[in-house]
**Q** 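Handing you this structure, nothing more for now.
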There are 2 protein chains.
Amino acid sequence: MVREVAEKQDVIPLLGEVFRQHGFSGTSLSQITLRTGLGKGSLYHFFPNGKKEMAEAVLDDVEEWFETHVFSNLRNNENPKAGIKQMFADVDFYFCSGNRICLLGSFALDDTRDQFATRVNTYFTSWCEALADTLKRNGLAPKKATDTAEFTVASIQGALVLARSQDDPKVFTRVLKCLQNQLIG
Amino acid sequence: MVREVAEKQDVIPLLGEVFRQHGFSGTSLSQITLRTGLGKGSLYHFFPNGKKEMAEAVLDDVEEWFETHVFSNLRNNENPKAGIKQMFADVDFYFCSGNRICLLGSFALDDTRDQFATRVNTYFTSWCEALADTLKRNGLAPKKATDTAEFTVASIQGALVLARSQDDPKVFTRVLKCLQNQLIG
DNA sequence: GTCTATAAAGCGATAGAC
DNA sequence: GTCTATCGCTTTATAGAC
């Protein structure tokens, strides 16, 4: 770290990296110290409730990014097709073209989910609903729009899993392209 | 446990349950003892290399199940459409209609993957290749078959993630139905 | 094959000096 | 705000009795 005095705002992205790498239960405070350059003293100064509060701060950060970039664009873009196209561009950017996993997806798979149940649920629900709204405005029947949105969000998550399993981010790019074709051909 | 003397074969499914619940790094030997009823002495008798060897035994078991039921059926079924239909039935059965996660997908997401890299890679590769083979025999062009198989396997994984995030297994059932429609609708 | 006892290391968390 | 020292607990793993 360059600065001697850290700011919480600068630490959160680094925490996100550590949690993405090791998972929540696989992340130890010593690994956090390694990545952030902050000792336990500083970490507990910023996050009095320890590791769980650190993860919550990261999840807040993730939610805010998706709300600002993805969800609000889906809801507010007057051109549904353009909104969907923009979603795929943002998603590709955020997940670094398949080189980055989804922290909420990672938390969802084991019992970490239960510690962050509301956040995990809300993130995916918001995404599905915002996309379903856009699909309706693009002419899909309500039920069809809901199902298609759910299917799309699921496939994006699975593409991240499969890309990592093969250690090949191109898998993610291919699935994204296929999904975009299905939605706005 | 009813039996006083355990057999390795009986222990492996229980190990699978524990790893599915907590993830690999979230699983401790004391939790394994709770679930299996076996003390450290017995566990290290069966698995001298400890937790990693236990996970490997579980992964071997999973691979064998999928090879026997899913992959070989896809490769050998003379009727491609029937083979695909059977795959979805087997997958729905194995993942308990969305109530069970994929251990290899769970391992893939964090750095647990690196400890089981070959197994994780091979499982998904075998699945994609077997499905692509069937899709070709059903009339798809080679490249289209490969892409569709990859897309399908990814979506199945993502459906498991999304179902757990919503604590709603029905999500899994809906995505599976949608995929089957796309393939042999 | 199973158990208990034990070791050494690492864990999350706290206290207090600076 | 940052650090070091420390606490109490859990971890993986081993040893040895039965």
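Lettering follows sequence order; numbering is per chain, from 1. All values below come from the heavy atoms of this structure, side chains included, with hydrogens, waters and symmetry mates left out.
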**Q** Considering only heavy atoms, which members of residues 52-61 of chain B lie under 4.0 Å from some atom of DNA chain C?
**A**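 Under 4.0 Å from DNA chain C: no residue of residues 52-61 of chain B.
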**Q** Which residues pass the salt bridge (charged side-chain N to carboxylate O under 4.0 Å, His left out) test with A:Asp90, sequence neighbours left out?
**A**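 Counting only residues at least two positions away or on another chain, A:Asp90 forms no salt bridge (charged side-chain N to carboxylate O under 4.0 Å, His left out).
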**Q** Taking all heavy atoms of A:Ser126 and all of A:Phe71, pick out the closest pair and write down the distance.
**A**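 For A:Ser126 and A:Phe71, the tightest heavy-atom pair comes out as CB-CE1, 3.7 Å.
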**Q** Specify the residues of residues 41-48 of chain A, ordered by number, for which at least one heavy atom lies under 4.0 angstrom from an atom of DNA chain C.
**A**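 Heavy-atom contacts with DNA chain C come from A:Tyr44.
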**Q** Not counting sequence neighbours, list each pair that qualifies as a side-chain hydrogen bond (donor to acceptor under 3.5 Å, both in side chains) and has a residue in residues 99-110 of chain A.
**A**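 Non-adjacent pairs meeting side-chain hydrogen bond (donor to acceptor under 3.5 Å, both in side chains): A:Asp110-A:Thr112.
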**Q** Need one value for A:Lys51: base, sugar-phosphate or nothing, where a base atom within 4.0 Å counts as base even if backbone is also close, heavy atoms only.
**A**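 The answer is sugar-phosphate, as A:Lys51 gets under 4.0 Å only of primed atoms, P, OP1 or OP2.
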**Q** Could you check whether the rings of B:Trp65 and B:His69 sit parallel, tilted or perpendicular, using 30° and 60° as the cut-offs?
**A**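 If you compare the ring of B:Trp65 with that of B:His69, the planes turn out parallel.
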**Q** Distance check needed: D:dG1 P versus A:Leu38 CG, whole Å only.
**A**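 After rounding, the gap between these two atoms is 11 Å.
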**Q** Inspect the surroundings of NZ in B:Lys51 and state if more than 12 heavy atoms from other residues, nucleotides or ligands are less than 6.0 Å away.
**A**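 Yes.
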**Q** Does B:Asp61 have any side chain to side chain donor-acceptor pair (under 3.5 Å) partners at least two apart in sequence or in another chain, and if so, which?
**A**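 Testing B:Asp61 for side chain to side chain donor-acceptor pair (under 3.5 Å), a comparison that skips the adjacent residues, returns none.
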**Q** List in numerical order all residues of residues 18-29 of chain A for which some heavy atom is under 4.0 Å away from an atom belonging to DNA chain D.
**A**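 Contacting residues: none.
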**Q** Find the distance A:Asp10:CG to D:dT2:P and express it as a whole number of Å.
**A**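 Rounding to the nearest Å, CG of A:Asp10 and P of D:dT2 are 11 Å apart.
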**Q** Classify the angle between the aromatic ring planes of B:Phe107 and B:Phe19 as parallel (below 30°), tilted (30 to 60°) or perpendicular (above 60°).
**A**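 The arrangement is perpendicular - the two ring planes meet at more than 60°.
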**Q** Taking only side-chain N and O atoms of A:Ser30, does any of them lie within less than 4.0 angstrom of OP1 or OP2 on C:dG10?
**A**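 Indeed not, no polar side-chain atom of A:Ser30 lies that close.
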